[in-house]
Amino acid sequence: MDRRIYGGSAVANLILFLLFFSSSSSALSKNPNPSSGSGQINSNSVLVALLDSRYTELSELVEKALLLQTLEDAVGRHNITIFAPRNEALERDLDPEFKRFLLEPGNLKSLQTLLMFHIIPTRVGSDQWPSEDPGRVKHITLANDHLHLIKGDGKKMVDSAAIIRPDDLTRPDGLIHGIERLLIPRSVQEDFNRRRSLRSISAVLPEGAPEVDPRTNRLKKKPAPAPAGSPPALPIKSAMAPGPSLAPAPAPGPGGKRHHFDGEAQVKDFIHTLLHYGGYNEMADILVNLTSLATEMGRLVSEGYVLTVLAPNDEAMAKLTTDQLSEPGAPEQIVYYHIIPEYQTEESMYNSVRRFGKVKFDTLRFPHKVAAKEADGSVKFGDGERSAYLFDPDIFTDGRISVQGIDGVLFPEMEEVVESVKKPVKKVVQPRRGTFVSLCLLH
C-alpha cells in the first residue's frame with residue numbers, strides 16, 4: 001500500500017472532523033438550549049419550576065386542564081413568561097361559583113383559555129416594563145388574546161393585577177412573575193355569565209306540542225315571526241329524518257339556513273366531555289361509530305332545538321344482550337329513547353318531580369315517553385327492573401345540550417290488552433325492523 005496515499009487520506013479525515021466540530025460548536029452557541037427544538041423538556045425548564053413552586057393552586061389547574069403537553073410544545077418553540085396568581089387568589093379570593101364553573105367537565109375549554117391567558121410566548125423580565133410613567137405595552141397570549149404591561153404610580157402591573165414577585169423564578173426557557181390576583185379574559189367571563197343565567201331555571205314542567213294541522217303539518221294559527229335565536233315553532237318530530245330511505249325533513253324556525261347555533265361543534269364538545277369524564281365510553285362510541293346520531297343531533301341543534309341526553313354509563317351498557325343490539329336499527333332506537341327534546345338540568349328535573357310527582361318527558365323515539373319520579377333523594381326514570389337513577393348530574397350543560405348520566409338502560413313500555421284477562425298488561429318494547437319508519441309515516 002502507498003503510504004503517501006494513506007497519509008493524505010488521514011489528513012483529509014482529520015480536517016473534515018475539525019470542520020464538523022467547529023460547525024457543531026457554533027450551532028450550539030447560537031442555540032444554548034438544545035432541547036428547545038424538541039417536544040421534551042429538561043429538569044431546568046420553567047414548566048418544571050412551576051410544578052415545583054409555591055404556586056400550587058395554579059399548578060393543579062394546569063394539570064386538570066390537560067395543558068402540560070400544550071405548554072411543552074410552546075416551550076419547545078420559544079421562551080415564555082408566566083404570570084402566576086398567588087395561592088390565596090385562587091383559594092379564598094375567587095368566587096366559589098366561578099371556581100365551580102371552571103372545574104366542571106363541560107367547561108374544560110374555558111379553563112384552558114383562562115390559564116393560557118396568563119402566558120405570553122415572549123420572555124419579558126421585570127426590567128422590560130414600560131420605562132415611562134404612565135406606560136402601556138401590549139402582548140399577545142397563548143389564548144390568542146392580549147395582555148397589557150402597565151407602569152403607573154410606581155407600580156408594575158399586568159392588566160388589573162399588580163406584580164408582587166417580579167422575576168420570581170427564572171429559567172433558560174422562560175420566567176415566572178407572581179401576581180396578586182387572577183386574570184379573567186372577557187370570553188370566559190361572558191361564558192360564565194351565560195351559564196349562570198341558565199342555572200336560574202328552577203322547575204320545567206314538560207309542555208305539549210303546539211296544535212298542528214295533520215294535512216299540512218303546519219300550525220293551525222300562524223305565529224308571529226320569531227326573533228333570531230328563539231326556539232322553533234314546530235315540534236322536533238317534524239324536523240327529524242323520517243327514515244334512511246327518505247331525505248331529511250327541513251326544520252322550520254329561526255335556525256333555518258342561517259344556522260344561528262353551531263350544533264356540530266356543540267355535539268363534538270359533549271362527546272369529548274363524555275370521554276374525558278370517564279365511564280361513558282360505550283355511549284360515545286355508539287354516537288360516533290355505530291350510528292349517525294351525532295350528525296342528526298348536530299343538525300337539530302343548529303336548527304334551534306334543545307336536547308337532554310340521558311347517558312347510560314359503561315356498566316349499564318355492558319348488560320345489554322346480543323339480541324337487543326343485533327337487529328337493524330336497534331342502537332338508534334335505544335339511544336333515541338334516551339334523548340329528551342327539552343333542556344333539563346339535574347336541578348330542574350328534580351324540582352319537577354318534587355312539585356308535580358310523576359312526570360313524563362317526550363323522547364325522540366316517538367310516541368314513547370320516559371317517566372320520572374323522585375326516589376331516594378334523586379330522580380328515578382322508568383319502573384321496575386328497567387329503571388335507572390340519575391347517577392352523574394350535569395356532565396355537560398351548555399344551554400343547548402344537557403347530558404345527565406344514569407346507571408341503567410331504559411326501554412319504553414306500552415299497554416297491550418289481553419282478551420282472556422281483560423286487563424292492560426305492560427310489555428317492554430324491543431327494537432324491530434322498520435318500527436321507526438312506520439311510526440314516522442303514521443304521524
Side-chain angles (χ1 to χ4, degrees), residues 65-66 69 104-110 112 236 239-249 251 255 259 261-341 343-344 363-365 370 388 391-411 431 433 435-437:
L66 309 177
Q69 184 60 50
E104 289 178 357
N107 303 328
L108 180 63
K109 283 189 175 181
S110 296
Q112 291 176 339
I236 194 171
M240 292 185 61
S245 61
L246 302 176
H259 290 278
F261 311 105
D262 189 357
E264 182 179 352
Q266 289 175 283
V267 171
K268 286 182 179 178
D269 285 345
F270 103 74
I271 291 177
H272 288 161
T273 302
L274 280 180
L275 295 174
H276 285 302
Y277 194 88
Y280 293 88
N281 295 335
E282 295 295 331
M283 184 68 176
D285 186 63
I286 287 180
L287 288 171
V288 176
N289 299 321
L290 300 184
T291 67
S292 60
L293 291 178
T295 304
E296 176 78 357
M297 292 172 65
R299 189 177 63 82
L300 292 174
V301 173
S302 295
E303 298 292 352
Y305 295 94
V306 293
L307 303 172
T308 297
V309 181
L310 304 178
N313 57 23
D314 289 344
E315 184 178 352
M317 297 293 287
K319 296 179 182 178
L320 290 174
T321 63
T322 305
D323 294 337
Q324 292 172 327
L325 294 172
S326 59
E327 296 194 17
E332 288 92 339
Q333 296 287 9
I334 292 174
V335 178
Y336 274 139
Y337 188 63
H338 291 75
I339 301 178
I340 299 172
Y343 187 81
Q344 295 279 351
T363 68
L364 294 192
R365 185 172 177 180
V370 60
F391 190 69
D392 288 316
D394 297 338
I395 295 176
F396 183 84
T397 52
D398 70 345
R400 311 302 304 175
I401 300 176
S402 170
V403 181
Q404 308 294 325
I406 59 176
D407 62 355
V409 180
L410 303 172
F411 288 92
R433 182 191 297 272
T435 304
F436 182 57
V437 177

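These values consider heavy atoms only, across backbone and side chains, with no hydrogens, waters or symmetry-generated copies.
- Distance check, rounded to the nearest 0.5 Å: CG of L307 to CD1 of I340 gives 10.0 Å.
- Atom OG of S302 is separated from atom CD of Q266 by 7.5 Å, given to the nearest 0.5 angstrom.
- Side-chain contact annotation: Q404 with D392, donor-acceptor N/O pair under 3.5 Å absent.
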side-chain contact (heavy atoms from CB on, under 4.5 Å) evaluation trace for H338 with L410: CA-CA 7 Å; H338 291 75; L410 303 172; 3.6 Å; yes

Stepwise side-chain contact (heavy atoms from CB on, under 4.5 Å) check, L364 with E296: CA-CA 11 Å; L364 294 192; E296 176 78 357; over 6 Å; no

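- Summarising the geometry, atom CZ belonging to F396 is positioned 11.0 Å from atom CG belonging to L108; distances are rounded to the nearest 0.5 Å.
- Rounding to the nearest 0.5 angstrom, the gap separating the CD1 atom in I286 from the CD atom in E332 is 9.5 Å.
- With a 4.5 Å cut-off on side-chain heavy atoms, V306 and V301 do not count as touching.
- Contact check for R365 versus I334: no side-chain heavy atoms found under the 4.5 Å cut-off.
- Contact annotation: the side chain of T295 never approaches that of E264 to less than 4.5 Å [non-hydrogen atoms, C-beta and beyond].
- Checked against T273 for a side chain to side chain contact (heavy atoms under 4.5 Å, CB included), the options I401, I395, N107, T397 give a single hit: I395.
- Here the CG-CD distance, from L310 to Q344, works out to 10.0 Å after rounding to the nearest 0.5 Å.
- In this structure, CG in L274 is found 8.0 Å from OH in Y280, a value given to the nearest 0.5 Å.
- Among residue pairs with one or both ends in residues 308-321, those qualifying as side-chain hydrogen bond (donor to acceptor under 3.5 Å, both in side chains) are T321-Q324; sequence neighbours excluded.
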Step-by-step side-chain contact (heavy atoms from CB on, under 4.5 Å) determination, H276 to L66: CA-CA 10 Å; H276 285 302; L66 309 177; 3.6 Å; yes

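- Counting heavy-atom neighbours within 6.0 Å of Y337 OH, excluding the residue itself, gives a total above 12.
- Proximity of V409 to L320: side-chain heavy atoms (C-beta onward) are separated by under 4.5 Å at one or more points.
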side-chain contact (heavy atoms from CB on, under 4.5 Å) evaluation trace for L275 with Y277: CA-CA 6 Å; L275 295 174; Y277 194 88; over 6 Å; no

